[in-house]
Amino acid sequence: MKFSYFALIILTTLTLSCKTEKKVSEYFLAGNSSILYKGRTDQLNDSAVALISSGSYAKMKVVGDSCTFFISNGNQDHSYVAIEVNEDYKGRFLVDGNPIGLKLASKDTSNIKIYKATEATTGDIILNKILAENVLKAEDEEKPLIEFIGNSITCGMGAQTEEIPCDTAEWYDQHNAYLAYGPRAARTLEAGFWLSCVSGMGMYRNWNDEDQPVMPEVYHNLRLNADSSKTVSIDRKPDLVSIALGTNDLSLGDGEKERSDFSQEKFVENYIGFVEKIFQYFPETKVTLLTSPMIGENEQGILLESLQKVRDHFTDKPVFVFEFEQMKPNGCGGHPDIEDHKKMADQLTPFLEKVLKNE
């Protein structure tokens, strides 16, 4: 895949801009009915909207050959967004106060999507306003919706290594949720997607920790953490929910902190309870349970057996198990890189297609 990168100029906020002779107007992104928001988002005030979860995005229809977005961070030093123009991926861009020049190919209208490339735990991406010739109402897409629930692999952690090599920056500097296996598979299937994922999170225990909240406990909370003051609002129920958890439950952690043996009984019990909760939220959905390509052969066998137990519990519900092929990951910290995610998506896509089509 070819990536496009643009020169950076120091300013106080991130902008996407280029010169235009046409008169431009200012449009605030909060409360603007022309802008569509997908995934976990939050309107902070009259002029700001937060992208919270990995892969959450804003879609807008811009008139003209250029525009300027004003985007900032929440409580993180910097984050990343992925930009798509007319379904053409333009690259991943740093949000740290630097502007990025972007010229639109069309002089008429362009459909622009701004995705959050990092995850909820790294802080919000805040969208403030756009300067453009005009902003028309973005059209919602009538297509199947897949929600991908998981851990760091689902978030795309450690995937983009060609810009910033592993172990040379912060742990989130190689995140790119846009190019993770889930969004890749969804785009191939011409489906929409949501990501609900947290690095290090498990089904009954997390990586290197057995006391912090796990996915079944935080899923309903807007920011996927222990803060229950705001809960997620889902305006459309997914046609399929894909769950990829277990890598961290089976992990030995850092090898230094004391960790008990893996409990298949607790894992299966929590997994069944979580899937029951998913069906309470979305009674008509289908659920797929995914193994992990990043764990050892013995652990893979345990995980597969555990997922089969979960599936077999639901005798009257559409629950399916998918097994990834084992691979040696090439990303950071034992995670898949961009090409590994492509291989995962290539394996998973035909399976998801059959589930969606009831084959």
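In this chain, numbering begins with 1 at the start of the sequence shown.
- Summarising the geometry of G39 relative to S56, their closest heavy-atom pair is CA-CB, 4.1 Å, with the distance given to 0.1 Å.
- Taking every heavy atom of both residues into account, V241 and I149 meet most closely at CG1-CD1, 3.6 Å.
- Stacking of K38 on the aromatic ring of Y57 is not recorded, the 6.0 Å distance cut-off and the 45° axial limit not both being met.
- Pairs of residues two or more places apart, or lying in two chains, that qualify as salt bridge (Lys or Arg N to Asp or Glu O under 4.0 Å) and include a residue from residues 142-161 are E141-K143.
- If you take OH on Y219 and OG1 on T231, they are separated by 11.5 Å, rounding to the nearest 0.5 Å.
- For residues 255-280, the pairs satisfying salt bridge (Lys or Arg N to Asp or Glu O under 4.0 Å) are D209-K257, with sequence neighbours left out.
- Evaluation of the salt bridge (Lys or Arg N to Asp or Glu O under 4.0 Å) rule for R223 yields D42, D124 as partners, not counting sequence neighbours.
- Grouped with Y172 in one hydrophobic cluster are M157, W171, the linkage being side-chain heavy-atom contacts under 4.5 Å among Ile, Leu, Val, Met, Phe, Trp and Tyr residues.
- A donor-acceptor pair under 3.5 Å is formed between the side chain of Y204 and the backbone N or O of S263.
- Tracing side-chain contacts under 4.5 Å through hydrophobic residues (I, L, V, M, F, W, Y), one reaches Y37 starting from F69; they form part of the same cluster.
- Looking at heavy atoms from C-beta onward, S251 lies out of side-chain contact with N208 at the 4.5 angstrom threshold.
- With sequence neighbours excluded, the residues forming a side chain to side chain contact (heavy atoms under 4.5 Å, CB included) with S229 are D227, listed by chain and number.
- Between the NZ atom in K342 and the CG atom in D340 there is a gap of 11.5 Å [rounded to 0.5 Å].
- Here salt bridge (Lys or Arg N to Asp or Glu O under 4.0 Å) pairs that include residues 350-359, with residues two or more places apart or in two chains, are E353-K357.
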Side chain to side chain donor-acceptor pair (under 3.5 Å) evaluation trace for Y27 with N134:
CA-CA 9 Å; Y27 301 88; N134 198 4; 3.0 Å; yes

List the atom pairs, donor and acceptor, that lie under 3.5 Å between side-chain atoms in residues 286-297 and the rest of the protein, sequence neighbours left out.
| unit_1 | atom_1 | unit_2 | atom_2 | d |
| --- | --- | --- | --- | --- |
| K286 | NZ | N358 | OD1 | 3.3 |
| T288 | OG1 | S242 | OG | 3.2 |
| T291 | OG1 | Q300 | NE2 | 3.3 |
| T291 | OG1 | F324 | N | 2.9 |
| S292 | OG | T247 | OG1 | 2.9 |
| S292 | OG | M294 | N | 3.2 |

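- V214 and F274 fall into different hydrophobic clusters, defined by Ile, Leu, Val, Met, Phe, Trp and Tyr side-chain heavy atoms under 4.5 Å apart, directly or through other members.
- With hydrogens and angles disregarded, no donor-acceptor distance shorter than 3.5 Å links the side chain of N225 to the backbone of V218.
- To the nearest 0.5 Å, atoms CG (N270) and CE (M215) are separated by 12.5 Å.
- Annotation for K309: atom NZ does not count as buried by contact number, only 12 or fewer foreign heavy atoms lying within 6.0 Å.
- Checking side-chain atoms of Q174 against main-chain N and O of I164 turns up a donor-acceptor pair under 3.5 Å.
- Judged by distance alone, the side chain of K137 and the main-chain N or O of S33 form a donor-acceptor pair under 3.5 Å.
- For the pair V49/N32, no side-chain contact is recorded, criterion being any heavy-atom separation below 4.5 Å from C-beta on.
- Residues Y80 and Q160 fail the side-chain proximity criterion, which asks for heavy atoms closer than 4.5 Å.
- Side-chain atoms of Q212 do not come within 3.5 Å of backbone N or O of N206 as any donor-acceptor pair.
- Scanning both residues, T285 and P318, for their nearest heavy atoms gives O-CG, 3.5 Å.
- The aromatic rings of F351 and F320 sit perpendicular, their planes meeting at an angle over 60°, well past the 30° parallel limit.
- Between the CZ atom of F70 and the CD1 atom of I126 there is a distance of 15.0 Å, given to the nearest 0.5 Å.
- At least one side-chain heavy atom of I83 sits less than 4.5 Å from a side-chain heavy atom of I114.
- Looking at heavy atoms from C-beta onward, L307 lies out of side-chain contact with F322 at the 4.5 angstrom threshold.
- Partners of R40 by salt bridge (Lys or Arg N to Asp or Glu O under 4.0 Å), not counting sequence neighbours: none found.
- Residues passing the side-chain hydrogen bond (donor to acceptor under 3.5 Å, both in side chains) test with R187: none are found, sequence neighbours excluded.
- Rounding to the nearest 0.5 angstrom, the gap separating the NE2 atom in H341 from the CG atom in L179 is 9.0 Å.
- Atom CG of D46 has 12 or fewer neighbouring heavy atoms from other residues, nucleotides or ligands inside a 6.0 Å radius.
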Steps toward side chain to side chain contact (heavy atoms under 4.5 Å, CB included) verdict (M60, C67)
CA-CA 11 Å; M60 58 210 71; C67 58; over 6 Å; no

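- At least one donor-acceptor pair closer than 3.5 Å links the side chain of N248 to the backbone N or O of M201.
- In this structure, F262 has its ring center under 6.0 Å from that of F267.
- Formation of a donor-acceptor pair under 3.5 Å by the N151 side chain with backbone atoms of L245 is not found in this model.
- Counting non-hydrogen atoms of neighbouring residues, nucleotides and ligands closer than 6.0 angstrom, the CG atom of D254 exceeds 12 such neighbours.
- Of all non-hydrogen atoms in G334 and P329, the two that sit nearest each other are O-CG, 3.4 Å.
- With N176 contributing its side chain and A159 its backbone, the two residues share no donor-acceptor pair below 3.5 Å.
- E119 contributes atom CD, which lies 13.5 Å from atom CD1 of I52 (distance to the nearest 0.5 angstrom).
- Taking the side chain to side chain contact (heavy atoms under 4.5 Å, CB included) definition, one finds that N111 meets it with K59, K61, N86, sequence neighbours left out.
- For L36 against A138, the heavy-atom pair with the smallest separation is CD1-O, 3.7 Å.
- Under the 3.5 Å distance criterion, the side-chain polar atoms of R92 are left unmatched by any main-chain donor or acceptor of A82.
- Residues K237 and E284 fail the side-chain proximity criterion, which asks for heavy atoms closer than 4.5 Å.
- The two atoms that bring S306 and Q264 nearest to each other are OG-NE2, 2.9 Å, heavy atoms only.
- A disulfide bond (SG atoms under 2.5 Å apart) check over residues 109-187, counting only residues at least two apart or in different chains, returns the pairs C155-C197, C166-C332.
- In K317, the NZ atom is crowded: over 12 heavy atoms of neighbouring residues, nucleotides or ligands sit closer than 6.0 Å.
- Sequence neighbours left out, not one pair with a member in residues 321-338 passes salt bridge (Lys or Arg N to Asp or Glu O under 4.0 Å).
- In this structure, a donor-acceptor pair under 3.5 Å is present between the side chains of T154 and Y181.
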Kindly indicate, with the supporting measurements, whether the criterion side chain to side chain donor-acceptor pair (under 3.5 Å) is fulfilled by H335 and S152.
CA-CA 8 Å; H335 292 84; S152 55; 2.7 Å; yes

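- Considering only heavy atoms from C-beta on, W194 comes within 4.5 Å of V232 through its side chain.
- The six-membered or imidazole ring of Y271 lies away from that of H313, with a centre-to-centre distance of 6.0 Å or more.
- Not one N or O on the side chain of D249 forms a donor-acceptor pair closer than 3.5 Å with the backbone of G202.
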